[in-house]
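As the structure lists them, so they are numbered: ligands from 1, and atoms in each ligand from 1.
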Amino acid sequence: MTPIAFTALFLAALGASLAVRIWLSRRQVAHVQAHRDAVPPAFVSRIGLAAHQKAADYTVAKQRLATINTLVDAAMLLLMTVGGGLSLVIGWTAAIPVPQLWQDVLLFAVTGILYGLVGLPFSWWQTFRIEERFGFNRMTWKLWLTDMAKGLAVSIALGLPLLVLVLWLMRTAGALWWLWAWSAWMAFQLLILVLYPTLIAPLFNKFTPLAEGPARERIEALLVRCGFARAGLFVMDGSKRSGHGNAYFTGFGRAKRIVFFDTLLTRLVPDEIEAVLAHELGHYKLKHVARRVAWSAALSLVVLVLLAWLAREPWFYAGLGIPDALLQVSMARPGVALELFLLALPVFTFALEPLSALYSRKHEFEADAYATRNADATALTQALVKLYEDNAATLTPDPLHSAFYDSHPPAAIRIAHIESLVRGSQALQPA
Ligand SMILES: [Zn+2]
């Protein structure tokens with residue numbers, strides 16, 4: 001391939017992904033606004049008009065911010081690549097009298113800071129304008145800044161050793177460096193899985209064991225019924241930051257933990273909590289989690305093989321804005337290939353997003369079916385309706401936007417599916 005052909009391919013992919021993003025975003029806004037004045041028939045008896053309209057306005061506000069963010073990110077990508085931004089940083093770091101490996105680390109640090117600064121106003125606007133306006137935000141300026149400082153410290157503490165290791169392997173491990181880098185990446189993922197619940201998450205939130213009481217009894221009975229190995233049951237002070245409710249699993253093997261946001265526990269009654277948890281257990285029992293891990297392992301191997309190939313091709317560098325004068329020094333520094341690759345890759349993988357979303361929605365349907373077999377289906381729909389309402393999630397997403405991006409099925413389809421399962425199992429029962 002020639003550099004010009006690769007530049008053309010890159011710009012075409014960026015243009016196409018941008019056009020699709022904006023088109024879908026406009027569809028979403030138009031669809032949500034067109035359905036703002038009436039609660040969908042399936043929800044009329046369960047959600048009030050005011051809550052429905054709040055969800056519509058919240059969805060539109062978030063969508064608009066996301067669109068601006070998309071445009072700014074695209075501009076940033078153009079500036080950094082064909083605009084010569086990365087070349088400037090490469091030239092600047094090449095002049096610093098430290099070994100090339102550390103010049104590469106500096107390249108990542110500077111690029112990371114630039115991207116961080118560009119992302120900051122969006123994060124601020126999301127929290128202090130949008131979340132605030134819709135009554136979800138519980139963050140103060142101080143907490144926001146402390147979170148950021150802690151997040152930065154954690155990413156340096158974990159990310160820096162990984163980066164140095166990968167850059168070192170790219171340099172010294174020979175033609176099969178990508179296999180070593182992949183092993184390092186897998187080990188790192190495993191390490192995060194262990195460290196996240198025990199060390200990282202507690203830096204940001206307080207976790208207390210779930211108190212004795214009706215909810216705990218229901219949950220423990222469910223765990224036994226589903227043949228689930230004993231897991232720690234914890235409550236997280238999610239209300240410290242936001243009014244949104246949630247529940248999740250972390251860890252693996254014997255270190256499994258089930259975490260409930262305090263906001264979820266105050267809002268749902270015990271049989272609804274049980275149904276939500278049964279859904280989450282379904283993801284484990286039906287091997288969704290294991291399958292996701294396997295997929296991501298396979299994909300990261302493919303991605304590394306691709307990088308190993310591209311890093312040897314001059315057109316890859318030249319096509320993404322590295323001038324001839326810097327070509328030799330860039331090809332001698334694996335960090336340059338890695339940074340260019342990480343910047344440009346999402347433009348090409350964007351087209352795969354609907355597949356990943358479809359796969360995820362299939363799992364959601366399966367986990368719902370599991371939940372209806374092991375807990376009360378009516379309680380599950382009640383819990384879902386409450387969560388849609390509390391999180392101001394729209395009940396009327398644009399079908400195409402939803403098909404492209406959404407990891408969960410649209411509310412109406414999801415609830416209709418659960419209700420059809422209940423009718424199906426009733427039909428099977430002897431009269
Ligand atoms: Zn799920």
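- Using a cut-off of 4.0 Å between Lys/Arg side-chain N and Asp/Glu carboxylate O, D262 and K240 are scored as not salt-bridged.
- The ring-ring contact (aromatic ring centres under 6.0 Å, His included) search around H401 returns Y405, not counting sequence neighbours.
- Not one N, O or S atom of H408 sits under 2.8 Å from the Zn ion (ligand 1).
- The distance from the Zn ion (ligand 1) to the nearest N/O/S atom of H279 is under 2.8 Å.
- Annotation: side chain of I415 is in contact with side chain of Y388 (closest heavy-atom distance under 4.5 Å).
- Counting heavy atoms from C-beta on, the side chains of L387 and L264 come closer than 4.5 Å.
- Atom OE1 is the N, O or S atom of E364 at the shortest distance from the Zn ion (ligand 1).
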